[in-house]
Amino acid sequence: MKEGFRQSMAWLHTWSGLLVGWVLFMVFAAGTASYFKDEITFWMKPELHASAARAQVPQVQAAEGAVGYLQKHGAGSPRWFINLPTERQPSTDVLYLATPGAAAPADKPRRRFDRVSLDPATGEALTAARVTRGGEFFYRLHFDLHYMPALWARWIVGFCAMFMLVAIFSGIVTHKRIFKDFFTFRPKKGQRSWLDAHNVTAVLALPYHLMITYTGLVTLMFMYMPWAPQAAYKDRGGEQAFFSEVFPGGGRDQVKASGNRVPLAPIAPMMAQASAHWNGAAVGRITVHQPNDANAVVALTRAEGPQLSYDKPSMLFNGTTGALIGAYGDVPKPAAETRGVLYGLHIARFGDPLLRALFFLSGLAGCLMVATGLLLWAVKERQKFAKTLKQGGRVSIGLRLVDGLNLGAIAGLPVAMAAFFWANRLLPVGMAERGEAEIRWFFIVWGAAAVLGLLRPTLRMWQAQLAVGALLFALLPVLNAFTGPAPLTVSLRAGPSAVAGFDLVAIALGLGLAGAVWIVERKRRKSMAARQQAEKKLPPSPQQPQQSSTLAPSGQGS
């Protein structure tokens with residue numbers, strides 16, 4: 001604190017942002033895409049585009065078709081999960097254990113249940129639809145990180161989110177003219193321009209940044225801070241008893257099979273009773289525990305609506321008689337409702353398309369805020385080596401490492417995301433493990449971009465990767481036109497609107513990356529002109545080594 005409180009906060013802001021900035025950029029980018037994960041998944045299943053415009057099937061018909069399918073293919077599964085169709089998701093999605101009693105794979109302990117998309121009208125599997133993780137991949141990536149145990153990943157993301165929260169508050173303290181500077185942007189001013197860009201993107205969506213970071217921690221608060229429930233319920237059944245009390249009726253995973261086979265009661269009367277209880281609100285999810293057993297329990301959860309809370313009311317029925325067991329969540333307890341609202345704010349499932357688009361733009365502002373912060377550190381650090389660079393020296397290994405990581409994270413991630421969509425359309429439809437193959441291409445491309453960035457962190461490499469990302473995104477509508485039944489010229493006029501929206505956003509992202517290429521080219525030419533001017537003023541020296549090219553958007557590299 002020798003330099004004063006504000007200077008100390010500036011130091012804290014710098015290092016709390018830099019140390020986790022690359023992970024945060026990925027979390028922001030993947031989380032931002034997740035606001036439209038259903039639309040992304042739909043775009044990645046072009047076989048469904050032609051039939052999406054038909055009239056929506058009544059939910060009872062879709063539910064009965066799903067139950068009929070599961071009776072044929074998942075009769076031995078201990079649980080059925082049925083997600084009924086919505087405007088954003090036209091198919092019925094079912095999850096069930098196709099091989100009851102089989103041990104979970106060691107490398108995929110959380111993916112034991114098979115997911116199948118059904119035609120809501122017929123209840124038959126949409127076998128023509130390609131297998132893909134779709135937008136769900138980005139949703140899980142932004143907190144599970146893939147290819148590592150989920151527990152480790154969530155601790156890493158939580159650690160980074162806490163650093164982000166510290167960076168936000170310390171940034172507010174540091175920038176005493178933060179709101180005044182919001183209306184100021186000085187282009188072509190080097191470090192000053194990067195600082196202005198960082199301030200604008202930070203203040204523009206400051207309430208969003210605070211909300212999304214804090215609520216992200218809240219969503220996993222029971223994992224980060226389990227001690228209170230553990231201590232309070234130590235003699236009352238542990239954490240499971242706590243969850244049963246806080247979220248009554250939320251699940252019946254501990255339902256034991258009796259061994260007596262009893263037919264499942266009709267689902268339609270249960271849905272009618274639940275909808276009437278919810279004043280006409282539809283059923284969104286059906287979970288059947290121990291189907292076709294004497295102890296079967298059917299849980300119906302209300303469909304998503306304009307309510308902020310993520311937690312939805314549910315009703316439990318006896319699976320063999322159809323009798324109501326209980327209704328839960330109609331009047332949630334204050335603490336549970338607070339947590340549900342914060343969770344709901346984080347994932348924004350309550351919003352209409354316009355509101356989710358606003359969340360999407362705020363998320364992009366968050367990506368830019370993190371990116372400009374990382375680049376700003378490199379720009380400021382490079383100034384310390386200005387004299388060394390003029391004399392033909394090199395920057396430090398630490399700065400070169402940051403330069404490479406910036407390139408791989410900021411420019412490489414968009415290339416990888418676009419490659420994920422291209423892999424979805426170009427890989428054979430019937431190939432085995434197709435969904436995992438798409439994900440592998442995402443990481444292969446991202447890994448290649450990161451390695452190239454670390455090996456040659458120059459402005460030319462920035463241009464190359466940004467240009468590839470721009471080209472891949474801008475050409476996605478063309479790819480869709482050749483590989484799907486709903487090109488942009490058709491989807492704009494007759495739908496599906498989700499396909500048209502995806503293509504338009506892809507074009508916008510491509511143009512944005514192309515604009516970044518132009519900015520980098522302008523910086524490169526300016527840097528070359530300054531270097532040539534400096535060389536004219538310096539006397540020739542045969543002992544002077546050739547200058548090395550290193551990267552940052554305002555660096556000396558070429």
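Source: prediction; values computed, not measured.
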Exercise. Rounded to the nearest 0.5 Å, what's the gap from CG on Leu141 to CE on Met417? Could you check?
Key: 8.5 Å

Quiz item: Would the number of heavy atoms belonging to other residues, nucleotides or ligands and lying under 6.0 Å from CH2 of Trp441 be above 12?
Solution: no

Quiz item: Should we say atom CD of Gln230 is surrounded by more than 12 heavy atoms from elsewhere, each under 6.0 Å from it?
Solution: yes

Quiz item: So, does Trp377 use its side chain to make a donor-acceptor pair with the main chain of Leu18 at under 3.5 Å?
Solution: no

Exercise. Please assess Leu342 against His346 for the test side-chain contact (heavy atoms from CB on, under 4.5 Å), listing each intermediate value before the final yes or no.
Key: CA-CA 6 Å; Leu342 293 175; His346 188 79; over 6 Å; no

Exercise. Any chance you could measure Leu405, atom CG, to Leu374, atom CG, to the nearest 0.5 Å?
Key: 9.5 Å

Quiz prompt | Closest heavy-atom pair and its distance - Val20, Phe163 | solution = CG2-CB, 3.7 Å

Practice problem: Verify whether one side chain among Lys380 and Thr14 offers a donor that lies under 3.5 Å from an acceptor in the other. | Solution: no

Quiz item: Less than 4.5 Å apart, any side-chain heavy atom of Met223 and any of Trp155?
Solution: yes

Quiz prompt | Carboxylate-amine/guanidinium contact Asp38 Arg349, below 4.0 Å | solution = yes

Quiz item: Just wondering, do Met9 and Leu12 contact through their side chains at under 4.5 Å, heavy atoms?
Solution: yes

Quiz item: Short question: side chain of Asn424, backbone of Met44 - any donor-acceptor pair under 3.5 Å?
Solution: yes

Exercise. Please name the pair of heavy atoms, one in Pro477 and one in Ile507, separated by the smallest distance, quoted to 0.1 Å.
Key: CG-CG1, 3.6 Å

Quiz item: Of the non-hydrogen atoms in His209 and Gly366, which two are nearest, and what is the gap between them?
Solution: CE1-CA, 3.3 Å

Quiz item: Is a donor on one side and an acceptor on the other found under 3.5 Å between the side chain of Tyr35 and the backbone of Leu358?
Solution: no

Exercise. Measure the spacing between CG of Leu466 and CD1 of Ile410 and express it to the nearest 0.5 Å.
Key: 9.5 Å

Quiz item: Is a side-chain donor or acceptor of Thr301 paired with a backbone partner of Gly284 at a separation under 3.5 angstrom?
Solution: no

Quiz item: Looking at CG of Leu413 and CZ of Phe442, how far apart are the two atoms once the value is rounded to the nearest 0.5 Å?
Solution: 5.0 Å

Quiz item: Can you find a pair of side-chain heavy atoms, one from Val445 and one from Phe420, that are under 4.5 Å apart?
Solution: no

Practice problem: Hey, could you give me the CE/OG1 distance between Met164 and Thr213, rounded to the nearest 0.5 Å? | Solution: 4.5 Å

Self-check item: Backbone N/O of Gly501 and side chain of Glu39: donor-acceptor pair under 3.5 Å
Solution: no

Self-check item: His146/Phe443 aromatic ring centres below 6.0 Å
Solution: yes

Quiz item: Does the side-chain contact (heavy atoms from CB on, under 4.5 Å) test come out yes or no for Trp43 and Phe421, once each step is laid out?
Solution: CA-CA 9 Å; Trp43 186 91; Phe421 298 127; 4.1 Å; yes

Quiz prompt | NZ-OG distance between Lys45 and Ser91, expressed to the nearest 0.5 angstrom | solution = 5.5 Å

Quiz item: Just one of Tyr310, Phe222, Phe350, Tyr214 clears the ring pair (Phe, Tyr, Trp, His ring centres under 6.0 Å) bar with Tyr343, so which one?
Solution: Tyr310

Practice problem: With the side chain counted from C-beta on, respond yes when Leu220 and Val157 share a heavy-atom pair under 4.5 Å apart, and no when they do not. | Solution: no

Quiz item: With a 4.5 Å heavy-atom cut-off, do Val116 and Tyr96 have their side chains touching?
Solution: yes

Self-check item: Heavy-atom donor-acceptor pair, Arg302 side chain to Arg285 backbone, under 3.5 Å
Solution: no

Self-check item: Heavy-atom closest pair, residues Thr41 and Gly135
Solution: OG1-N, 2.9 Å

Quiz item: Is there a donor-acceptor contact under 3.5 Å from the side chain of Thr215 to the main chain of Val218?
Solution: no

Quiz item: Taking NZ, NE, NH1 and NH2 as the nitrogens, is one of them in Glu438 or Arg434 under 4.0 Å from a carboxylate oxygen of the other?
Solution: yes

Quiz prompt | Stepwise side-chain contact (heavy atoms from CB on, under 4.5 Å) check, Tyr139 with Glu136 | solution = CA-CA 5 Å; Tyr139 173 69; Glu136 186 69 19; 3.6 Å; yes

Quiz item: Looking at side-chain heavy atoms only, is the closest gap between Phe137 and Ile40 below 4.5 Å?
Solution: no

Quiz item: Should Asp311 and Arg339 be marked as a side-chain contact (heavy atoms from CB on, under 4.5 Å) after you check the CA-CA gap, both sets of side-chain angles, and the distance that decides it?
Solution: CA-CA 9 Å; Asp311 298 324; Arg339 185 253 185 190; 3.9 Å; yes

Quiz item: Do Val415 and Trp446 have side-chain heavy atoms sitting under 4.5 Å apart?
Solution: no

Quiz prompt | Arg356 charged N/C atom sitting above Phe359 aromatic ring, 6.0 Å / 45° | solution = no

Quiz item: How close do Leu513 and Gly469 get, heavy atom to heavy atom, and via which atoms?
Solution: CD1-C, 3.5 Å

Quiz item: Got more than 12 heavy atoms from elsewhere within 6.0 Å of CE, Met162?
Solution: no

Self-check item: Shortest non-hydrogen contact between Val517 and Ala467, atoms and distance
Solution: CG2-N, 3.5 Å

Quiz item: Just wondering, do Phe360 and Val505 contact through their side chains at under 4.5 Å, heavy atoms?
Solution: yes

Quiz item: With distance as the sole test, does Thr86 use its side chain to make a donor-acceptor pair with the main-chain N or O of Gln89 at under 3.5 Å?
Solution: yes

